[in-house]
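Written out below as structure tokens is the structure these notes cover.
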There are 2 protein chains.
Amino acid sequence: MDPTSNPLDRLLEISELFRADMARAFEGTGLTAARTHLLWVLAGLGPSPQQALAGAMGVSARNITGLVDALEAAGYVKRSPHPTDRRATIVSLTDAGEVTMSDMARDHANLSTNLLDAVDPADRAALSRGLDAIATRLRALIQEEADAAAVIR
Amino acid sequence: MDPTSNPLDRLLEISELFRADMARAFEGTGLTAARTHLLWVLAGLGPSPQQALAGAMGVSARNITGLVDALEAAGYVKRSPHPTDRRATIVSLTDAGEVTMSDMARDHANLSTNLLDAVDPADRAALSRGLDAIATRLRALIQEEADAAAVIR
DNA sequence: TATTGTTATACTCTATAACTATA
DNA sequence: TATAGTTATAGAGTATAACAATA
């Protein structure tokens, strides 16, 4: 992860830079990476019960309770009763939350454009294909490992 | 971070896959991402006082105390007195820690090779150049933001 | 007076298990 | 009997502040 700067290491460096930059950007907003992830998922799904969010994010229901508590206190989301199932709670973005999400989507798009602009136009298609190939191979390797682990169990 | 699969989003997806895969690989080893990061830094610097590790990792001294406690209990590192400064503690890899790190370096190299092999040879140079350009631009943007924040202060 | 590492305290993310209210 | 969400409890990573020993 540190030395011998091959493309993979550079890729990991870039993701580190993203992470650090995000953490800095959240200062004073009441947001964190985990809370923002929930907002992205919620923006994608639309108003959802907490169980659906837990499934979509791959975390425990207990975790969702905590994240929604914090986001509700900060004014980004609200809870309302499920119309037919009285056990369930529907989480949705507040108006302020909607504004925050469209700002974020805009910033994200601008950053993408800005970073792509730094790449030689002649290299862009190959970059895209290369990243696709790496992601596909990596997904396959992880699947293999999961299958191997399942056999052991 | 979720939809519209442009190269940047694919890049973030790849880093997510790495992270999830690593977490799985650590099960039962007593290691975590943060502890492994310390081991990488320590392997790079050689035996070091905790302050040096804190500086190199960009975290607080308190945090290093906790990570070294855990790594020492698991047998990966040991503490010894600094030869001349009696305030300081020197952290170094144990024999078991050295073995773990060379295994990890080997696995990391194999994975890099494996993933690069998935990329069309004709695309590899452009991929490398593209990632370099993106990393450079991103570093510059972060520096700009840091400078702007410094002016405000 | 400044620095090294630790203790004290606190916040966030995460998990499992037990419990309540409902299906 | 099963499911949705909460409370209880716990562990990991992180931070700041106060403190002891040493420079």
Side-chain angles (χ1 to χ4, degrees), chain A residues 16 19-20 22-42 45 47-74 76-92, chain B residues 16 19-20 22-42 45 47-74 76-92:
Chain A
E16 269 313 295
R19 202 119 49 95
M22 241 189 303
R24 201 201 43 68
F26 290 149
E27 277 169 23
T29 63
L31 290 176
T32 63
R35 291 173 196 171
T36 304
H37 184 197
L38 191 151
L39 291 181
W40 275 105
V41 170
L42 186 55
L45 295 178
S48 310
Q50 298 186 186
Q51 283 293 334
L53 297 174
M57 293 176 64
V59 300
S60 66
R62 175 61 185 92
N63 199 344
I64 299 294
T65 298
L67 295 174
V68 171
D69 284 351
L71 288 166
E72 198 176 28
Y76 294 101
V77 306
K78 57 177 185 287
R79 284 177 164 107
S80 38
H82 189 289
T84 63
D85 185 341
R86 288 197 301 177
R87 295 170 306 180
T89 307
I90 300 292
V91 182
S92 48
Chain B
E16 270 312 297
R19 202 118 49 97
M22 242 189 303
R24 200 201 43 68
F26 290 150
E27 277 169 23
T29 64
L31 290 176
T32 62
R35 292 172 194 172
T36 303
H37 184 197
L38 191 152
L39 291 180
W40 274 105
V41 169
L42 187 55
L45 293 179
S48 310
Q50 296 186 190
Q51 282 295 333
L53 297 173
M57 293 175 65
V59 301
S60 66
R62 175 62 185 90
N63 199 345
I64 299 294
T65 296
L67 296 174
V68 172
D69 284 350
L71 288 167
E72 198 176 28
Y76 293 102
V77 306
K78 57 178 184 289
R79 284 178 165 107
S80 37
H82 189 290
T84 63
D85 186 340
R86 289 197 302 177
R87 294 171 305 181
T89 307
I90 299 294
V91 181
S92 48

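Note: hydrogens, waters and symmetry copies are ignored here, and every other heavy atom, side chains too, is used. Within every chain, numbering begins at 1; the chains are lettered A, B, ... in the order of the sequence lines, protein sequences first and strands thereafter. Not measured: the values here are computed from a predicted model.
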- Task: Could you tell me the separation between the CG atom of L71(A) and the NZ atom of K78(A), rounded to the nearest 0.5 Å?
- Result: 13.0 Å
- Query: So do the side chains of S92(B) and V77(B) get within less than 4.5 Å of each other, counting heavy atoms only?
  - Reply: no
- Task: Start with the C-alpha gap between H82(B) and T84(B), add the side-chain angles, then the distance that decides, and say whether side-chain contact (heavy atoms from CB on, under 4.5 Å) holds.
- Result: CA-CA 6 Å; H82(B) 189 290; T84(B) 63; 3.1 Å; yes
Polar pairs (N or O, both sides) under 3.5 Å between protein and nucleotides 19-21 of chain C?
none

- Note on the structure: Which of dT6(D), dT14(D), dT14(C) is nearest the side chain of A34(B)? It is dT14(D)
- L53(B) has an atom CG; how far is it from atom P of dT4(C), in whole Å? 12 Å
- Item | Counterpart residues, salt bridge (charged side-chain N to carboxylate O under 4.0 Å, His left out), relative to R86(A) (two or more places apart) | none
- Item | Partners meeting salt bridge (charged side-chain N to carboxylate O under 4.0 Å, His left out) with R24(B) (sequence neighbours left out) | E145(A), D21(B)
- Query: Closest nucleotide of DNA chain D for I90(A) versus for A70(B): which of these residues is on the 5' side?
  - Reply: I90(A)
- What is the distance, rounded to the nearest whole Å, between atom CD1 of I64(B) and atom C1' of dT3(C)? 16 Å
- In whole angstrom, give the distance that lies between atom CE of M57(A) and atom P of dG5(D). 14 Å
- Message: Judged by each residue's nearest nucleotide on DNA chain C, which is more toward the 5′ side, T84(A) or V59(A)?
- Response: V59(A)
- Query: Pick the nucleotide of DNA chain C nearest each of A52(B) and D85(A); which residue has the one closer to the 5' end?
  - Reply: A52(B)
- Message: Between V91(A) and S48(A), does the side-chain contact (heavy atoms from CB on, under 4.5 Å) criterion hold? Intermediate values first, please.
- Response: CA-CA 5 Å; V91(A) 182; S48(A) 310; 5.8 Å; no
- Task: State whether Q51(A) places a side-chain N or O below 4.0 Å from either non-bridging phosphate oxygen (OP1 or OP2) of dA4(D).
- Result: yes
- Query: Where the side chain of R86(A) is defined as all heavy atoms beyond and including C-beta, which of dA15(C), dG5(D), dA23(C) is the nearest nucleotide?
  - Reply: dA23(C)
- Task: For dC13(C), take OP1 and OP2 only and decide whether either is under 4.0 Å from a side-chain N or O of R35(A).
- Result: yes
- Query: Any Lys/Arg nitrogen of R79(B) or E72(B) sitting under 4.0 Å from an Asp/Glu carboxylate oxygen of the other?
  - Reply: yes
- Task: Ignoring backbone atoms, test whether N63(A) places a side-chain nitrogen or oxygen under 4.0 Å from the OP1 or OP2 oxygen of dC13(C).
- Result: no
- Query: For R79(B) and dT4(C), is the shortest distance between a side-chain N/O and OP1 or OP2 below 4.0 Å?
  - Reply: no
- Task: Report the distance from atom CD of Q50(A) to atom C1' of dT7(D), rounded to the nearest whole Å.
- Result: 14 Å
- Task: Scan T65(B) against the nucleic acid and name what it touches under 4.0 Å (heavy atoms): base, sugar-phosphate only, or nothing.
- Result: base
- Separation of atom NE2 in H82(B) from atom P in dA23(D), rounded to whole Å: 10 Å
- Query: Between E27(A) (CD) and dT12(C) (C1'), how many Å, whole number?
  - Reply: 15 Å
- Task: Specify the separation, in whole Å, of atom CG of D69(A) and atom P of dT12(C).
- Result: 11 Å
- Message: Can you confirm whether R35(A) sits close enough to L38(A) that some side-chain heavy atom of one is under 4.5 Å from a side-chain heavy atom of the other?
- Response: no
- Query: Distance check: side-chain N/O of T32(B) vs OP1/OP2 of dA12(D), anything under 4.0 Å?
  - Reply: no
- Message: By the 4.0 Å heavy-atom rule, please label L67(A) as base, sugar-phosphate, or nothing.
- Response: sugar-phosphate
- Query: Could you state the CG-P distance from L31(A) to dC11(C), rounded to the nearest angstrom?
  - Reply: 18 Å
- Consider the side chain of R62(A), meaning its heavy atoms from C-beta on, and name the nucleotide among dA8(D), dT4(C), dT7(C) that approaches it most closely. dA8(D)
